[in-house]
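Down below is the structure, laid out as structure tokens.
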Number of protein chains: 2
Amino acid sequence: MPTPAKTSTDEIVAAGRGLLEREGLDALTLKAVAEIVGVRAPSLYKRIGGRGDLVRRIVNVVSDELAAQLAAAPASADARDSLRGMVLAARAFALAHPHAYGLLFAPLPEDWGIDPDVNARISGIVIGAAGRVAGEDDALTAARLVVAWIHGFVTMELAGAFRLGGDVDGSFDYGIDALLRGIAQPG
Amino acid sequence: MPTPAKTSTDEIVAAGRGLLEREGLDALTLKAVAEIVGVRAPSLYKRIGGRGDLVRRIVNVVSDELAAQLAAAPASADARDSLRGMVLAARAFALAHPHAYGLLFAPLPEDWGIDPDVNARISGIVIGAAGRVAGEDDALTAARLVVAWIHGFVTMELAGAFRLGGDVDGSFDYGIDALLRGIAQPG
DNA sequence: ACCTGAACACCGTTCAAGT
DNA sequence: ACCTGAACACCGTTCAAGT
């Protein structure tokens, strides 16, 4: 005899994400998730493969949301301003969701990587913007430069690595300006 | 009646580091460490505060070693080449010790941060090299740009985030060249 | 002074049993 | 078809007891 479902995969992922963002990765426990969705921990295995699979799903949702934020960043006639807006959006997202963002380039076990579709979508957005500044031939490699920098910057910022005083916002502005100078199409 | 010590804090930290580098963070278990140093897990608490404290100590040792590698990077009459050598050394270190490097800017619990002395030493080395390229006024902020970029780059590289083909080494070279152009002292 | 076994609370995960 | 309690293996950590 069938039993009515008490929860859903989406609800489980949402509950897990909330736990992660509010209390950090250590608090992301199957028991805690189960309690939120009104079920016992073993029942979660009907919908997710385990804790690792849950983390992977959360990372995908977060990546998807980051992609949307990047796509929604205000465009400008000046390609450099568009790229600048994208970088600002990424930093704002990271600071608003520190625990979730911290998982974005964390080495997930095995090949449980990010959904290739999501990855391609983010890449496409940044590569487009970078190409309009650096030139189409350098689009991919310029995008990698910008993404590596912004990711390293906010990671260090979130880790509290900028301890030597000075103006962190100032360092951010200096960074994006220097990058734009560096990748600007010669001629 | 005193009992002869079977191990030492240094031996424990070294065993933990070996475990981390060979098998990853999940394998860094107090039981496994204890077995290596020839003791039972509870005895470790005589010398370390717990697993978190052990991780913190390992991060400090690794940071110290990275500082030494940066300091040993070949200097050059051309300040840009010196900075380039430092970045190459950092990347080589990260690729040689992926698991250990991955902890460097990980948000450690509470204020269990890196030893301020070690942090200051690394910062001093990079700030010096960056200042010689960007000018003393911009030394700190230029160093942050370079460190954020190299950290983001190798983190993404280690996470397997550069999936869109192209030449990763080429992107690395492009990146450091663009950075040096961007921070070069105007005039 | 250092080490140990035993115990505790807490994980993720599996599975037979219930409806 | 979905849910549950019980069980298992494995954690980190504490502590009284041994030498």
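In the text below, chain A, chain B and the rest are named by the order of the sequence lines, each starting its count at 1. No hydrogens, no waters, no symmetry mates; every other heavy atom, side chains included, goes into these values.
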Judged by nearest nucleotide, the residue sitting upstream toward the 5' end of DNA chain C, A/S43 or A/L28, is A/L28
Correct closest heavy-atom pair for B/L19 and B/A32 would be CD2-CB, 3.5 Å
Whole-Å distance, B/I48 CD1 to C/dC2 P, equals 15 Å
Separation of D/dG12 atom C1' from B/D26 atom CG, nearest Å, is 14 Å
Rounded to whole Å, CG of B/L44 lies from C1' of D/dC11 at a distance of 14 Å
Result for side chain to side chain contact (heavy atoms under 4.5 Å, CB included) between A/I12 and one of A/I36, A/L30, A/I48 points to A/I48
Quick note, B/V39 side chain, CB onward, closest among C/dT4, C/dC15, C/dG12 is C/dT4
Describe, in one word, how the ring planes of B/H151 and B/F105 are oriented to each other, choosing from parallel (under 30°), tilted (30 to 60°) and perpendicular (over 60°). perpendicular
Among the nucleotides D/dG5, C/dG12, D/dG12, whichever has the atom closest to the side chain of A/R51 is C/dG12
Of the listed C/dC2, C/dT14, D/dT13, the closest approach to the B/T3 side chain comes from C/dC2
Considering only heavy side-chain atoms of A/R40, the closest of D/dG12, D/dT4, C/dC3 is D/dT4
Would you call the rings of A/Y101 and A/F93 parallel, tilted or perpendicular if under 30° counts as parallel and over 60° as perpendicular?
perpendicular
Picking from C/dC3, D/dC2, D/dT14, the nucleotide nearest the side-chain atoms of B/R47 would be C/dC3
Between NZ of A/K46 and C1' of D/dC3 the distance, given in whole Å, is 9 Å
